[in-house]
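Predicted, not measured: the structure shown is a model, and the values here were computed from it.
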2 protein chains.
Amino acid sequence: MSLTANAQPDSREGRKRDLIIQAALKVFAEHGLHGTAVPPIAAEAGVGVGTLYRYFDSKEALINAVFQDTKQQLQDALLTDLDLMNPSRSLFDALWARLTRFARNNPEGFQFLEMQDHHSYLTADSRHREQALLIPLGMMVIIGQRTGLLSDDMKPDLAIALFWGAFVGVFKAERLGYLTLSDDDLKRARDACWLAIVNHDSKDKTP
Amino acid sequence: MSLTANAQPDSREGRKRDLIIQAALKVFAEHGLHGTAVPPIAAEAGVGVGTLYRYFDSKEALINAVFQDTKQQLQDALLTDLDLMNPSRSLFDALWARLTRFARNNPEGFQFLEMQDHHSYLTADSRHREQALLIPLGMMVIIGQRTGLLSDDMKPDLAIALFWGAFVGVFKAERLGYLTLSDDDLKRARDACWLAIVNHDSKDKTP
DNA sequence: ATTTACGGAATGAATATTCATTCTGCCATT
DNA sequence: AATGGCAGAATGAATATTCATTCCGTAAAT
């Protein structure tokens, strides 16, 4: 039998595959993609190098597996059981809370996804996975603008980039030691981001 | 003789040194630090590898030279002839305009400074250079909060991280092709960022 | 003529990948 | 139940490649 596609997450093979992906994520996040050799990944996973190459054709394939796996986790953490098509302040708060939880529970994954240098490694498949998260968010913003909740000054993609960048910037500052983030700080940051995108025309909206 | 310190920027040696730094910046921005070998840098600069090593003791020394040079350029572009100690909306606009100009004129430098993986390479000297930009900005925010111009909900460092992250996020989105930024878009983004940090209650307090 | 700068092949260390061999668990046979 | 045999999983030393750095013959400058 072959492992062309993906094994079940619970099967023995799937478990070991997952183990390696998690180990790789950890080492990649710490040393960067070019900066980490393959043997240390195997060591971190507690398997032999040869074993790693049984599960992944190449370092590049491993990188893409880590990327897709982590991106999927982020997407699940953000979107599961959340109705993006009814934007509101509380939906925004919920999204912020989920994003925060992801960054806190999986700091290595969060950092990995923001690294610049994997973009030259990514396959079309991986790039496609990227869209699966961006598109729903874009639709949410569009609806929010239509209903008058959000300012329609900015194009949706710009609003998302602004918000996402701010969030990433805050956590990056913490990681680099420029900042420590209390829960209260995060709430204030959230409220500031909301002010940046909400519709300020006090015309009719806002119950 | 040795090149311990720095040659004059206009001397022959200074020119070639600069040439190599600019070439290195370009290749680093494209392939990352670990991802670029030294010979391609020499090729980009149009010099031999041996020549490069006449000017820089090691790849690490070159990286730090690129970092310090670029950071200095950013600092000059932002702070020269600007009175940070009198915050106002127009000062904010001026800062935004200068930041935008830097990102547009020197996209590789801007990207390089935001890369994650140079932090393991940087010498104490380089890290020190980082503070030279952050500290004045922090003071500006503190004064802005004291005078009631900026919201004092957030600690200064948080406000800076938020703003800086948003700016970086917007330009990163453009670089990755998720977005194209017209001058108008940049103005709208600027105004949104201002809303995130400005003081909203004109006189009364609402905690 | 002597010194200095230069280029790029040469060198050795580090790295990605392979492969011959050893384990491991499972099943058929007794 | 005990044994022998077997498929495929695991391993890490061996190989091929890439990289940072050095060395040396040549050109330019003085």
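Applying the 4.0 Å criterion to OP1 and OP2 of D/dA10, one finds that A/K16 has a side-chain N or O inside that range. For the OP1/OP2 pair of D/dT11 and a distance below 4.0 Å, the side-chain nitrogens and oxygens of A/T51 include at least one atom meeting the criterion. The side chain of B/Y55 places an N or O atom within less than 4.0 Å of a non-bridging phosphate oxygen (OP1 or OP2) of C/dC6.
Nearer the 5' end of DNA chain C, as judged by each residue's closest nucleotide, is the contact made by B/G46, out of A/T36 and B/G46.
A salt bridge is defined here as a Lys NZ or Arg NE, NH1 or NH2 lying under 4.0 Å from an Asp or Glu carboxylate O, and B/D191 with B/R89 meets this definition. Ionic pairing of B/E114 and B/R175 is not present here: no N-O contact between side-chain nitrogen and carboxylate oxygen is shorter than 4.0 angstrom. Ionic pairing of B/D183 and B/K187 is not present here: no N-O contact between side-chain nitrogen and carboxylate oxygen is shorter than 4.0 angstrom.
If you measure from atom NZ of A/K59 to atom P of C/dA14, you get 16 Å, rounded to the nearest angstrom. Distance B/E60 CD to D/dC19 C1': 16 Å, rounded to the nearest Å. Atom CZ in B/R15 sits about 17 Å away from atom P in C/dA5, given to the nearest Å. The separation between A/R54 atom CZ and C/dC19 atom P is 14 Å, rounded to whole Å. In this structure, B/Y53 atom OH and D/dC24 atom P are separated by 18 Å, rounded to whole Å. Taking atom CG on A/D57 and atom P on C/dA16, their separation rounds to 16 Å, with Å as the unit. Protein atom OH of B/Y121 is 10 Å distant from nucleotide atom C1' of D/dA20, rounded to whole Å. Distance A/L52 CG to C/dT15 C1': 14 Å, rounded to the nearest Å.
Of the inter-residue distances, the one linking B/S120 atom OG with A/H31 atom NE2 reads 7.5 Å to the nearest 0.5 angstrom.
Aromatic pair A/F102/A/F171: ring centres not closer than 6.0 Å.
With C/dT15, C/dA9, D/dA20 as the candidates, the nucleotide lying closest to the side chain of B/V38 is D/dA20. Checking D/dT11, C/dC6, D/dA20 against every side-chain atom of A/V47, the shortest atom distance belongs to D/dT11.
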